[in-house]
2 protein chains.
Amino acid sequence: MLSQVEENYLKSIFKITEKEGKPASTNAIAGDLQTTAASVTDMLKRLSEKTLIHYEKYKGVQMSDKGLTIATQLVRRHRLWEVFLVEKLEFAWDEVHDLAEQLEHIHGNSLIDRLDAFLGNPRFDPHGDPIPDAQGRWTRRKQILLSALEPGEKGIVSGVENHSPEFLQYLDQLGLVLHTQITLRERFPYDQSVRIRTDDGRELSLSEKVAANLYVEEQSGTKERR
Amino acid sequence: MLSQVEENYLKSIFKITEKEGKPASTNAIAGDLQTTAASVTDMLKRLSEKTLIHYEKYKGVQMSDKGLTIATQLVRRHRLWEVFLVEKLEFAWDEVHDLAEQLEHIHGNSLIDRLDAFLGNPRFDPHGDPIPDAQGRWTRRKQILLSALEPGEKGIVSGVENHSPEFLQYLDQLGLVLHTQITLRERFPYDQSVRIRTDDGRELSLSEKVAANLYVEEQSGTKERR
DNA sequence: AAATATTTTTAGATCAGCCCAAAATTTTAA
DNA sequence: TTAAAATTTTGGGCTGATCTAAAAATATTT
Ligand SMILES: [Mn+2]
Ligand SMILES: [Mn+2]
Ligand SMILES: [Mn+2]
Ligand SMILES: [Mn+2]
């Protein structure tokens with residue numbers, strides 16, 4: 001069984017390699033985990049020893065099959081707990097991440113599968129991120145950034161690129177919750193800000209910064225193996 | 001903020017001093033936490049340094065006010081999570097202890113109070129043990145061991161002295177779940193075994209060992225400060 | 001291609017937790 | 001009231017996780 005710290009490293013390496021599409025650098029991991037490069041090198045040796053990662057000195061690190069399975073389970077746990085906290089305990093979507101960071105490390109035989117069932121087998125977490133199923137399969141969606149939508153096109157708010165409480169609270173204030181249907185009315189070339197209309201008829205102006213951190217879905221997704 | 005290990009020590013010291021009614025010995029703590037006396041002495045120094053306990057070399061250890069508050073919150077968390085696991089995730093009452101041992105260490109502002117509300121502010125956990133409220137107040141009940149009941153007297157199964165999965169599963173098999181009303185029919189002097197009648201009309205024979213590990217309630221309890 | 005800057009690793013320490021073996025203290029028995 | 005037994009503490013050492021400072025390797029400029 002792995003320590004919480006080891007699990008956090010695996011999750012971080014997974015996240016970085018997924019996003020970057022190449023081996024994770026020592027510095028990137030250190031930045032993500034708020035620690036030093038020296039500590040990271042130390043841990044990479046240990047994880048490599050346990051065949052949880054593929055690591056070559058100075059060349060960065062990738063997930064092994066074993067590590068990938070564990071990291072996927074961690075993401076599953078994290079997101080299911082987030083659903084629980086929002087749906088059942090009525091936390092706001094900007095309050096649940098830190099608690100889920102702790103809860104994801106709880107180990108137990110059928111715990112997560114029971115939680116999954118209790119929550120009704122949700123496919124997405126409160127931030128619109130997909131929840132891998134018990135076999136580690138992901139639900140993929142065709143979603144694009146609002147900043148990539150063309151005037152006249154419609155979309156449904158389906159996720160966020162930035163997960164910071166500040167951004168999430170701002171979206172709350174704007175009334176731009178998940179599943180809101182929107183139409184892009186106009187994009188102003190001067191600053192790339194946009195004007196949208198929501199399904200309840202309100203017109204909103206959004207900065208380029210907001211538009212570049214909000215995902216909209218164009219059509220429904222399908223299940224596929226990762 | 002305390003480490004999980006420190007929290008476990010506080011809970012153990014609390015449990016032992018409550019049961020024994022006197023300072024907890026190094027050996028008792030070591031036995032409870034499945035560690036060595038040397039490790040315990042080590043930790044007692046650290047906890048004493050943080051004024052979480054009153055510790056005098058060779059004289060045993062007692063809770064300080066600060067430690068007592070923390071230990072009480074830990075018991076509250078442990079038991080509320082047990083209720084969640086049984087009531088919501090449908091675990092059996094003999095399966096939840098180890099998970100609750102982990103969950104009780106999750107820290108978060110309003111987490112436990114929200115969980116408490118979500119569960120309907122339960123006063124007792126799945127094993128009949130009282131759950132302290134947010135202010136650390138306990139619900140006390142007049143419950144006695146079944147082995148102390150006299151022939152002809154009635155009682156309601158309200159708790160267990162032994163929490164082992166083996167005993168709990170055996171009670172399941174006997175159909176002696178919490179809140180079952182029973183009448184003591186006869187006690188056999190030869191081995192102190194008893195014959196009881198349950199509220200659904202069944203007659204059961206119970207060994208002295210079972211009777212000495214099962215609590216029955218005689219009347220409803222009142223709230224008081226500890 | 002050489003010089004410079006950046007990234008990564010190593011060396012050496014610290015700290016919390018844990019252990020064993022030996023010494024000190026307290027308790028029990030003779 | 002001594003001697004023996006049991007308990008507790010101390011001393012020394014180990015591991016996992018962390019850090020700083022210095023060395024090594026890689027990447028970027030000139
Ligand atoms: Mn999160
Ligand atoms: Mn999320
Ligand atoms: Mn328990
Ligand atoms: Mn319990």
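Lettering follows sequence order; numbering is per chain, from 1.
Taking atom CE of residue A:Met1 and atom C1' of nucleotide D:dG16, one finds them 14 Å apart after rounding to whole Å. Rounded to a whole Å, the CD atom of A:Gln4 is 14 Å from the C1' atom of D:dG16. One atom, CG of A:Leu33, and another, C1' of D:dC19, lie 15 Å apart when rounded to the nearest Å. Nucleotide D:dC19 holds its P atom 10 Å from the CG atom of A:Asp42, rounded to whole Å. Whole-Å rounding puts the A:Glu49 CD to D:dT15 P distance at 14 Å. Atom-to-atom, CG of B:Asn27 to P of D:dA5 comes out at 18 Å; the value is rounded to the nearest Å. The OH atom of A:Tyr9 sits 8 Å away from the C1' atom of D:dA17 (whole-angstrom rounding). We find that NZ of A:Lys45 is positioned 15 Å from C1' of D:dT15, with the value rounded to whole Å.
Environment of OH in A:Tyr170: sparse, with no more than 12 heavy atoms of neighbouring residues, nucleotides or ligands closer than 6.0 Å. More than 12 heavy atoms of other residues, nucleotides or ligands shown are found within 6.0 angstrom of CG on B:Asp172.
Phosphate contact (OP1/OP2 of D:dT9, side-chain N/O of B:Thr41, threshold under 4.0 Å): present.
Taking the six-membered ring for Trp and the full ring otherwise, the centers of A:Phe14 and A:Tyr9 sit at least 6.0 Å from each other.
With a 6.0 Å cutoff to the six-membered ring centre and a 45° limit on the axis angle, B:Lys88 counts as a cation-pi contact of B:Phe118.
Side-chain contact between B:Leu103 and B:Leu80 is absent, with no heavy atoms from C-beta onward closer than 4.5 Å. When side chains are defined from C-beta on, A:Thr26 does not count as touching A:Tyr58, because their heavy atoms never get closer than 4.5 Å.
Residue A:Thr26 is in sugar-phosphate contact alone, with no base atom involved, counting any heavy-atom pair closer than 4.0 Å across all strands shown.
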A:Thr69 and A:Thr72: CA distance, side-chain angles, deciding distance, side-chain hydrogen bond (donor to acceptor under 3.5 Å, both in side chains) verdict:
CA-CA 5 Å; A:Thr69 300; A:Thr72 303; over 6 Å; no

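Just one residue in the list B:His78, B:Arg76, B:Arg77, B:Gln73 forms a side-chain hydrogen bond (donor to acceptor under 3.5 Å, both in side chains) with B:Glu104, and that residue is B:His78.
Rounded to 10°, the helix from C:dA1-D:dT30 to C:dA30-D:dT1 has 0° between the axis fitted to its first five pairs and the one fitted to its last five.
Salt bridge annotation for B:Lys11-B:Glu101: present, with a cationic side-chain nitrogen under 4.0 angstrom from a carboxylate oxygen.
Residues A:Ser39 and A:Lys59 each lie close to DNA chain D; by heavy-atom proximity, the contact nearer the 5' end of the strand is made by A:Ser39. Residues A:Lys57 and A:Arg46 each lie close to DNA chain D; by heavy-atom proximity, the contact nearer the 5' end of the strand is made by A:Arg46.
Protein chain A touches strand DNA chain C; the 5'-most and 3'-most nucleotides with an atom under 4.0 angstrom of its non-hydrogen atoms are C:dT7 to C:dT10.
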